[in-house]
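Comments concern the structure below.
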2 protein chains.
Amino acid sequence: MTHDAVHGTGVAFPRWHRRVSTASGPRPSTLAQRKRQLVATELTETALQLFAHKGFEAVTVDEIATAAGVSKRTFFRYFASKEDVVVQFLAGMGADTRAELAARPAAEPPSAALLHAVSVPLAACGDHAERTLPVVRLVLRSPALLARFLEHQAGWREELAGELASRLGRDPAGIYPPLAAGMALAAFDTVLHRWSDGAGEPDPLALVSRAFALLAPALDGAGEE
Amino acid sequence: MTHDAVHGTGVAFPRWHRRVSTASGPRPSTLAQRKRQLVATELTETALQLFAHKGFEAVTVDEIATAAGVSKRTFFRYFASKEDVVVQFLAGMGADTRAELAARPAAEPPSAALLHAVSVPLAACGDHAERTLPVVRLVLRSPALLARFLEHQAGWREELAGELASRLGRDPAGIYPPLAAGMALAAFDTVLHRWSDGAGEPDPLALVSRAFALLAPALDGAGEE
DNA sequence: GCCCCTCGTGTCACTCGATGCCAAGCATGA
DNA sequence: TCATGCTTGGCATCGAGTGACACGAGGGGC
């Protein structure tokens, strides 16, 4: 090990990236780690600024690295790909959603639990709209970024499905868990789109609440399969 | 005027915007187009064979092109990217789904219409499992292919949402259309996963039917927003 | 104080996906 | 036969991503 790319350094956007702290324990915050974090945030800031200014495709990795004061090779020691600079920004949303779902009371019906779970990252978006909105717009518009983002989401769906299955004592290989997770993520996506496109609707929480009002009968109504 | 501009100039968008639907009989148009089709299928066959044998990442475009008897440059005249060789294989599914949705009787409730729409590509998968199953497995396992596939699906969702909106006379900017489309695609994805993973379940139609039984109350129950 | 070991970084070189440009081949139509 | 248009191949180039290696700084042990 001790190889490249353990891109675990939560790159500090909003606070929403909370380490679950189950396995790795407390963060020692070594000097080396702090330096690492510094470079990572510098790279991220620089990249986002350039992307916002020139578009994602038009910016080269060399450009980002040079502007941030490091070499291209070093860039790839922090991020697995050019897309990762942006997508890692949103990467915490999946973990947060799953953690929140795990934290919801077991008696809660799936629709309510999933609504609360999905609301966590959306609330963060709404609260830090100045910073998140440009990033979300960037991701949803650039094909390459969208592809990577959706790929991440596929992982979230599996995690949410597993969490749901264990929550409800259902067969993880059944249809309901991944389907319910997919519905929740569909709502998430829809809200994200409307929020990013929308000039009018400022509150993603209200949107997602309406979305789950539609989904609820399907999420809660299913007895067995 | 009326020189032989018969038809050839009409198309001419990106060259690779062409249906490769294997289901219906090959509709020959021009000799040139037929030759094109020949090269395209040759490239696709070769690529799929190599991918199945060595994995997607391990095969280079040069390899595919050489094995198919053309140059690398020509490969990119037929496919926009390496992923496209595989994804175009499945590209027709989105169009078929949307077409079927448009063809369903207007009086049909959304759940039934969407079920039938989504069943079209799934039935094709089930019928030609020998050919489609390896491709589907390849796509769902290779990260790069999955990302592209999901990107395509995002486009399908928009189309389905538009179709739904006009079907039901709803506001296309509302929440219901994209959400319903997302639910249908979630069912589609879930079924595709189960079908590709499954050693036991041979019938995707039965699976998707069960999935829509779960979704129906949400798809049909919503009165207004 | 010095040595050594580790780690992060920069440089170089390379693979591979993807694109632009230009010349050659081959068809069709006048 | 010549001109036109389309397809192709070869070449050059860019950019993403990776491996190998050497350099320098910091830390620990003597």
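Numbered from 1 within each chain, the chains take letters A, B, ... in sequence-line order.
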Check: In whole Å, what is the span from the CD atom of A:Q37 to the C1' atom of C:dG8?
Finding: 16 Å

Notebook entry, point to check: Between atom CZ in B:R148 and atom P in C:dG17, what is the gap in whole Å?
Noted result: 12 Å

Check: Measuring from B:D96:CG to B:L90:CG, what's the distance to the nearest 0.5 Å?
Finding: 11.5 Å

Notebook entry, point to check: Should the pair B:F188 and B:F149 be assigned to parallel (<30°), tilted (30 to 60°) or perpendicular (>60°) ring geometry?
Noted result: tilted

Note to self: Looking at A:S142 and A:V139, would you say the former's side chain and the latter's main chain have a donor-acceptor pair under 3.5 Å?
What the structure shows: no

Notebook entry, point to check: Can you check the B:E57 CD to C:dT15 C1' distance for me, whole Å?
Noted result: 14 Å

Check: What's the CZ-P distance between B:F76 and C:dG17, to the nearest Å?
Finding: 7 Å

Next item on the list: May I ask you to decide if the ring planes of B:H152 and B:W156 are parallel, tilted or perpendicular, using 30° and 60° as cut-offs?
Entry: perpendicular

Note to self: In whole Å, I'd like the distance from the CG atom of A:L43 to the P atom of C:dG8.
What the structure shows: 15 Å

Please write out each protein N/O paired with an N/O of nucleotides 8-15 of chain D under 3.5 Å, distance rounded to 0.1 Å.
from  : atom 1 : to    : atom 2 : distance (Å)
D:dT8 : OP1    : B:Y78 : OH     : 2.9
D:dT8 : OP2    : B:Y78 : OH     : 3.3
D:dG9 : OP2    : B:S71 : N      : 3.1
D:dG9 : OP2    : B:S71 : OG     : 3.0
D:dG9 : OP2    : B:T74 : OG1    : 2.1
D:dG9 : N7     : B:R77 : NH1    : 3.1
D:dG9 : O6     : B:R77 : NH2    : 2.6

Checklist line | Any donor-acceptor pair under 3.5 Å from A:K72 side chain to A:T66 backbone | finding: no

Notebook entry, point to check: Does a donor on one side chain sit under 3.5 Å from an acceptor on the other, for A:T74 and A:S71?
Noted result: yes

Notebook entry, point to check: C:dC16 C1' sits how many Å from B:F56 CZ, rounded?
Noted result: 12 Å

